[in-house]
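Below: one structure, written as structure tokens.
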Amino acid sequence: MPQIHNHTFDELSLGQQAQRSHTVTLQDLRRFAAASGDYNPLHLDPDYAATTPFGGCIAHGMFSGGLISAALAMQLPGPGTVYLSQSLSFRQPVHVGDTLTVELTVSALEPRRRRVTLDCTVVNQEGRKVVTGSAEVIAPAERQSVTVEHDAIPAG
């Protein structure tokens, strides 16, 4: 089973970065719809979505937000991170088949409360920014390594 580890507040530095990629599938959107209750046909019905200006199914905006959340929880700062806030700007649609890369960059550190601000950018396989924003988290105080159950990690 895979091991993941965190970065404590004291290990973080301004400009520190992490990346995480995922290719979007229709199954991803169906699962997201089931979890969120958002069954807008723009996301799930290829025939309906073909009649829109997007020409096909596009991902829920918060699907990209979820990928940012995963990068924060799994990589930077990693396990034990407490998510406080997120701002997002949806700049381009995300289509089924797009490969998205979340890029996190530490932009501010507040030692007294272990708060970290990270710039968050999601780019597609063409290098186009599809989401931009920032997140504020509380970074862990102690180093941790966590075993992630294989069944908890989706294929792809």
Side-chain angles (χ1 to χ4, degrees), residues 1-25 27-29 31-38 40 42-43 53-54 57-150 152-156:
M1 291 188 213
Q3 288 273 140
I4 58 172
H5 67 276
N6 65 5
H7 301 272
T8 66
F9 182 88
D10 293 335
E11 295 172 328
L12 298 173
S13 60
L14 292 176
Q16 188 171 349
Q17 296 184 311
Q19 294 184 338
R20 182 180 185 88
S21 295
H22 180 82
T23 300
V24 180
T25 67
Q27 183 66 19
D28 288 334
L29 303 187
R31 289 178 177 158
F32 190 87
S36 68
D38 180 352
N40 183 337
L42 179 60
H43 306 305
F54 302 112
C57 291
I58 62 169
H60 306 73
M62 290 312 295
F63 181 82
S64 295
L67 296 178
I68 292 170
S69 177
L72 292 166
M74 301 292 281
Q75 289 178 255
L76 187 65
T81 296
V82 177
Y83 213 155
L84 297 175
S85 68
Q86 178 75 59
S87 70
L88 298 173
S89 177
F90 304 105
R91 301 168 56 113
Q92 298 282 321
V94 171
H95 297 274
V96 170
D98 280 354
T99 297
L100 302 179
T101 300
V102 174
E103 300 172 346
L104 302 176
T105 304
V106 175
S107 58
L109 296 165
E110 183 187 333
R112 188 173 61 81
R113 298 190 298 168
R114 294 193 339 266
R115 292 192 180 208
V116 182
T117 303
L118 299 104
D119 292 334
C120 307
T121 304
V122 182
V123 298
N124 65 16
Q125 67 280 358
E126 297 169 355
R128 291 190 179 141
K129 292 179 182 178
V130 297
V131 178
T132 58
S134 65
E136 185 178 5
V137 302
I138 298 174
E142 295 181 16
R143 186 100 166 123
Q144 296 177 354
S145 290
V146 180
T147 300
V148 179
E149 292 186 36
H150 186 283
I153 300 175

TODO: Kindly determine whether Leu72 and Val137 satisfy side-chain contact (heavy atoms from CB on, under 4.5 Å), including the steps that lead there.
DONE: CA-CA 9 Å; Leu72 292 166; Val137 302; 4.2 Å; yes
Shortest non-hydrogen contact from [X] toward [Y]:
| X | Y | result |
| --- | --- | --- |
| Pro79 | Gln144 | O-OE1, 3.6 Å |
| Leu76 | Gln16 | CD1-NE2, 3.7 Å |
| Val131 | Ser64 | CG2-CB, 3.7 Å |
| Gly97 | Thr23 | O-CG2, 3.7 Å |

Calculate, to the nearest 0.5 Å, the distance between atoms [atom1] and [atom2] belonging to [X] and [Y] respectively.
| X | Y | atom1 | atom2 | result |
| --- | --- | --- | --- | --- |
| Asn124 | Ser21 | CG | OG | 11.0 Å |
| Thr25 | Asp98 | OG1 | CG | 12.0 Å |
| Ser13 | His7 | OG | NE2 | 10.0 Å |
| Thr81 | Met74 | OG1 | CE | 11.5 Å |
| Leu118 | Ser107 | CG | OG | 6.0 Å |

Q | Evaluation steps, side-chain contact (heavy atoms from CB on, under 4.5 Å), between Gln3 and Val146 | A | CA-CA 5 Å; Gln3 288 273 140; Val146 180; 5.9 Å; no
ask   = Do Ser87 and Ser134 meet the criterion of a side-chain donor-acceptor pair at a distance under 3.5 Å?
value = yes
- prompt: Taking NZ, NE, NH1 and NH2 as the nitrogens, is one of them in Glu103 or Arg20 under 4.0 Å from a carboxylate oxygen of the other?
  reply: no
Check whether any side-chain heavy atom of [X] lies under 4.5 Å from a side-chain heavy atom of [Y], and answer yes or no.
| X | Y | value |
| --- | --- | --- |
| Tyr83 | Ile68 | yes |
| Met62 | Phe90 | yes |
| Asn6 | Pro140 | yes |
| Val24 | Leu100 | yes |
| Gln75 | Gln19 | no |
| Leu109 | Leu12 | yes |
| Leu42 | Phe54 | yes |
| His43 | Ile58 | yes |

Under 3.5 Å: donor-acceptor pair, side chain of [X], backbone of [Y]:
| X | Y | result |
| --- | --- | --- |
| Thr121 | Thr132 | no |
| Glu136 | Leu84 | no |
| Asp38 | Asn40 | yes |
| Thr8 | Glu142 | no |

Starting from the C-alpha separation in whole Å, work towards a yes-or-no answer on side-chain contact (heavy atoms from CB on, under 4.5 Å) for Val123 and Val130. CA-CA 5 Å; Val123 298; Val130 297; over 6 Å; no
Test Val122 against Lys129 for side-chain contact (heavy atoms from CB on, under 4.5 Å), laying out the working first.
CA-CA 6 Å; Val122 182; Lys129 292 179 182 178; over 6 Å; no
ask   = More than 12 non-hydrogen atoms from neighbouring residues, nucleotides or ligands closer than 6.0 Å to CZ on Arg128, yes or no?
value = no
#### Entry: Aromatic plane relationship, Phe63 with His22 - under 30° parallel, 30 to 60° tilted, over 60° perpendicular
tilted
